[in-house]
Amino acid sequence: MTGHETLFPIGIDRNGLPVEIYTEKKFNISIHNTPREKFLEYCKTALNDLEAEMIGIMKSMSMSGDFKNYYRTDSNEYRALTQTTFIQLWKKGLVFEDTRPNNYCPKCGTTLADAEIVYKDLPSMLVYINFKFRDGGVITIATTRPELLGACQAIIVNPEDERYKDVVGKSAVIPLFNREVKINAHPQADQEFGTGAVMICSYGDYEDVRLFREMKLEEIILLNKEGKMTRNAGQYAGLDVEEARKRIIEDLDNMGLIVKKEEIMHRTPTCERSKNPVEIVPMNEWYIKQVDMKKTLRILAKKFKFHPDAHRQLLLDWIDSVSIDWPVSRRRYYGTEIPIWYCRDCKAIMVPPPGKYYQPWKQKPPFKKCGKCGGNSFVGDTRTFDTWVDSSISPLFISKYGKDKKFFSRTYPNALRPQGKEIVRTWLYYTLLRCYQLTKKLPFEHVWVMGWGVDEHGEKMSKSKGNIIDPIPLLEKYGADVFRFWSASEASLGSDFRCSEQRIASAGKFLTKIWNLSRFISMFPVVKKATLTDTDKWILSELGNVIEECKEGYEDFNFFVPANKIREFTWNIFADHYVEMVKKRAYGEGFSKEEQQSAWFTLHTCLEAVLELLAPIIPHMTDFVARQLYHKYSVHAEEFPEAEWKSKLTNSTQKIVEFNSKIWSGKKSQGKSLKDSIEIELPKELKLFEKDLKAMHNIG
RNA sequence: GGGUUCGUAGUCUAGUGGUUAGGACGCCACCCUUACAAGGUGGAGACCGCAGUUCAAUUCUGCGCGGACCCACCA
C-alpha cells in the first residue's frame, strides 16, 4: 500500500537440540544408542509433522508472506551456506579451538546438553578440611567434592566476612598435594554456608567454571572421559570419583585434617537417563571470536531502529555480559556438520573449499593429500554446529549472499527483523555478530521485538503448566479477521497480551459494526465530487487526523495504534455522531440536492479510507466490502490513504459530543423518545452545524 | 540468587509535575430512534505500597511488593 516491492520468504528453522529432544520423546528412542543415520530420519519425520501444522496456522491467520518462496534451515542449500560462512570466518582467522567444560555423564559416556540434566536433591557429605598456612595457623573449608582437592586453584571468602579479613591475600597449602593457593575475597562466598571459605576447583560445578574464567585461573584436569581420576590426581590416578573421594577422606582423616563431616541434602545435577551425577569435563571445541568485537557490537546495536525503542536495552545488556568467545561445536546429530577433516598422520586440520554441503562424519573428504605431511588418510569431524550458527545467517540466505550479486545488493541489508523478546540474546545478537563479521554491514534496518500471547493469568504458556491455548479452534470459530483485529488491539508494541476468548469475541463486534455501517452507506450512490458542508468538513478533518496517527503507528510496526484509533474514530465519532447527524440529509429529508450530495460523498470517503486503513489488520472483510463498493481490484493494492482534509473544525468535536449527549440524556430523563421534538438553544460555537443538529434531534 | 523490564477499574489500555485521570471489554439500569438489540443511551468502578524531592506526584528518585523475560542454581 506504500508502493514498495517486498521480499517476505517463509522460513522454518529446523535445526538443533529441541528437535532432538522432541524426537526422542515422540519415538521413545535415545540419540545415544540410535545409529546416526536412523536418528536423522526420525528427526525429519517429526519435523515434517510439526512444520505442516505451523504452516497451516500461518495460512489460517492469513500471514502475507510469500509461501512459494519458502526455505528450511536444514536443507542442503541452507546448510551449505552455513558451512561456507564458517569457512570464510575460518579464513579471516575468527575461528579457533580451545577447551570447554562440558556436561558429561561417565556412565553413558556422552556429553549432555543442559536440557538433558535433571537437578535432584541428593544426600551428600559436607567435609570440613583444614588448609595450613606456611607460617602457622589454618583455614577450614567445607566441600562436598574432596576428591577435587588436587584441582583447587583458589579459596574464596566473602569480603564482608570479619573472620577472614586478615587472611585475604595470603596463601594456604592444599593438603595431600602440597601446592599453595591464594585466598581471595569474592561476594560469591556465602558466609552462612559451611565455614564461609570455599575452595574453587576445576570443576565441581558451573560456579567454579565461572570463577575460573573470571579470576583467570589455570584449569587442572582431574577427571577423564571414563570418569576416572587423571595423572594430575597423583596417588589417586585411575580411581573412580566415588573411590577417590573415599580414599581422600580416609587419608585426610589419618592426617588429622578433617574437622567434621556433615550429611546434607545437596542439589546435584544428574543425567536424565542414567540418573548418575553429571561431571564437568573440559574438551576441545571450536569457537568463533566475539569478545574482541564487544565495543563494535555496542555501537552497531545503537544503529538499529528498535520497535519499541526500549527493547534495545535487552541487546545492549546482553552484549555487555558477553565474557567468553562463542563455543560453536556440539556433540549432537541434528544440525549442520562442522566442515573439517583431520589428517590421520599429522593431525593437520583440513578445511574444504566453500560452496558445498559437507557431511564429514560419513563422506570422503574433497581432497586427496594432506597439505602439511602429504598423508592420504583423513578422519571427519563428527560434530555439528550450535543451531544459532545456522539461524544467524538467515538475512544472508534470503538475500542470496554469494550467489546473486545484483539481488543481494537490492535486498541486503534487509528491512526488518521481526522476533520475540526472548531470543534477543541469541537470534538477534548472533545475527548481528555473524552478518557483520561477513559483510561489515548491519543485517537489517528495523528490529521489531514482540511480546507474547500469555494465558489468562498473565503467565507464559507451556506444556508442563498445561496452560496452552490452541489457536486453531479459535481461528475456526471466529475467523482470521477477528483473531487478527483482537491481537492487534489487545496490547501495545513489545508487551505481552493475555489470551481470553471472551475478549476475542468482543473484538468481533467491531467487525459487525463495520459491516452494518457499510450496509448503511452502500444505500447511497458513490459520488466523486461535492461542495462540502461544514459538518462534512469537520468529520473529514477528524478522518485526516486518524490517517496520520495510523500512519505513524504502522511505521512503528505498532498495530495497536491503528487498531484502536480506527475503532475509536469509526465507532465513537463517525457512527455515533456524524452518521446520526447526516442521516436526514443523506435521505434528502429537508435538505438541498447539493447538501445531500455532500453527505453521500463524505460517507463514502470516510468508509473507503477506514477500509483501507484497516486492510492490513482485517484483510478479508475490508477487501470484500471495498470490492463491492469501490473498485474491482483488491483493497491491498490501493494506495495508503492521505490526510487531504485538515482544518480547525476538529476543535468542535468535543462540543458536538457533549451537546449530543446532553440532548440524549435530557430526553431520556424526561421519558421522551429520541424522535420526540425538543426546544433548546444551540450553543453559538455549534452554529456551523445547526441544520444537521436540528434535524438529528428534531429541535423545534 | 543475579540482571533487565513492567505495574492505571474485574480485564485490556490512553495520558500528564497541577486533568472532573480518557477509551474499550465485562457488569448494572433504561430504550426496537427506518445500518446495526452482534445496537443505542445512561451509570457504578482505577493510578501496587512506603519514604523522599517539590508549593504540588499517578507522573521524578530510592526502597519494598508483585508479574514477565534472560542468566545462574550453588562449596
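Naming: A, B, ... by sequence-line order, numbering from 1 per chain.
The backbone N or O of A586(A) lies less than 3.5 Å from a partner atom in the side chain of W600(A), making a donor-acceptor pair.
Nucleic acid contact for Y119(A): sugar-phosphate only, since backbone atoms but no base atoms lie under 4.0 Å from a heavy atom of the residue. Among the atoms of the strands shown, none is found under 4.0 Å from any heavy atom of K667(A). When heavy atoms are screened at a 4.0 angstrom cut-off, A197(A) is found touching no nucleic acid atom at all. Heavy atoms of K513(A) sit under 4.0 angstrom from at least one base atom. Using a 4.0 Å heavy-atom cutoff across all strands shown, S522(A) reaches no nucleic acid atom at all.
I699(A) has its CD1 atom 20 Å from the P atom of U33(B), to the nearest Å. W515(A) has its CH2 atom 13 Å from the C1' atom of C36(B), to the nearest Å. For the pair K584(A) NZ and U33(B) P, the computed distance is 13 Å after rounding to whole Å. One interatomic measurement links the two molecules: CD of Q419(A) to C1' of C69(B), which rounds to 13 Å at whole-angstrom precision. The NE2 atom of H577(A) sits 11 Å away from the P atom of G40(B) (whole-angstrom rounding). Residue L211(A) contributes atom CG, which lies 14 Å from atom P of A72(B) at whole-angstrom precision. Rounded to an integer number of Å, the gap from L607(A) CG to C36(B) P is 16 Å. Note: CZ (R145(A)) to P (C74(B)) measures 12 Å, nearest angstrom.
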When you check every protein heavy atom under 4.0 Å of nucleotides 19-25 of chain B, what one-letter string (B, S, -) results, 5' to 3'?
----SSB

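Nearest nucleotide to the side chain of L674(A), out of C30(B), U33(B), C36(B): U33(B). The nucleotide whose nearest atom lies closest to any side-chain atom of R519(A) is, among U4(B), C73(B), C36(B), C36(B). For D576(A), the listed nucleotide lying nearest its side chain is U41(B); candidates were U13(B), C71(B), U41(B). Distance from the side chain of K668(A) is smallest for C30(B) among the nucleotides C30(B), U4(B), C74(B). Nearest to the side chain of N516(A), among C36(B), C73(B), U41(B), sits C36(B). Nearest nucleotide to the side chain of F560(A), out of A14(B), G42(B), C73(B): A14(B). Closest approach to the E207(A) side chain among A38(B), U13(B), C74(B) is made by C74(B) (side chain taken as heavy atoms from C-beta onward). With distances taken from any side-chain atom of R267(A) to the nucleotides C74(B), A72(B), U13(B), the minimum falls on C74(B).
Partner assigned to A24(B) is U11(B), using Watson-Crick or G-U wobble distances below 3.5 angstrom. Base-pair partner of U53(B): not found among the strands shown (Watson-Crick or G-U wobble, both distances under 3.5 Å). Nucleotide G66(B) forms a pair with C6(B), judged by Watson-Crick or G-U wobble geometry with both contacts under 3.5 Å. With a cut-off of 3.5 Å on both pairing distances, U19(B) has no Watson-Crick or G-U wobble partner at all. When both distances must be under 3.5 Å, the Watson-Crick or G-U wobble mate of C32(B) does not exist.
Using P as the reference atom, U34(B) and A29(B) are 24 Å apart when rounded to the nearest Å. U20(B) and A46(B) are spaced 15 Å apart, taking the C1' atom of each and rounding to whole Å. Between A57(B) and U19(B), the two C1' atoms lie 13 Å apart (nearest whole Å). Spacing of P atoms, A9(B) relative to C50(B), comes out at 16 Å, to the nearest Å.
Remark: aromatic rings of Y478(A) and W486(A) are distant, center separation not under 6.0 Å.
Residues V625(A) and W515(A) have side chains in contact (heavy-atom distance under 4.5 Å, counting atoms from C-beta outward).
Ring geometry for H604(A) against Y630(A) counts as perpendicular: the plane angle is over 60°, on a 0 to 90° scale with 30° as the lower cut. F557(A) and H307(A) have perpendicular rings, their planes meeting at more than 60° on a 0 to 90° scale where under 30° would count as parallel. Using cut-offs of 30° and 60° on the angle between ring planes, the pair F524(A) and F520(A) is perpendicular.
Within the 4.0 Å cut-off from OP1 or OP2 of G42(B), at least one side-chain nitrogen or oxygen of S661(A) is found.
Cation-pi contact between R425(A) and W388(A): absent, since separation from the ring centre below 6.0 Å together with deviation from the ring axis within 45° is not met.
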In residues 693-700 of chain A, what donor-acceptor pairs under 3.5 Å come from side-chain atoms, sequence neighbours left out?
from	atom 1	to	atom 2	distance (Å)
K694(A)	NZ	E690(A)	OE2	3.1
H697(A)	NE2	N660(A)	OD1	2.7
N698(A)	ND2	K675(A)	O	2.8

All N/O donor-acceptor pairs, side-chain side in residues 189-199 of chain A, below 3.5 Å, sequence neighbours left out:
from	atom 1	to	atom 2	distance (Å)
D190(A)	OD1	E192(A)	N	2.9
T195(A)	OG1	T140(A)	O	2.5
T195(A)	OG1	A197(A)	N	3.2

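In summary, the side chains of D692(A) and T535(A) do present a donor paired with an acceptor at a separation below 3.5 Å, with no hydrogens or angles considered.
Between L126(A) and S673(A), it is S673(A) whose nearest contact on RNA chain B lies nearer the 5' terminus. Each of K675(A) and Q313(A) lies near RNA chain B, and the nucleotide nearest Q313(A) is the one positioned closer to the 5' end.
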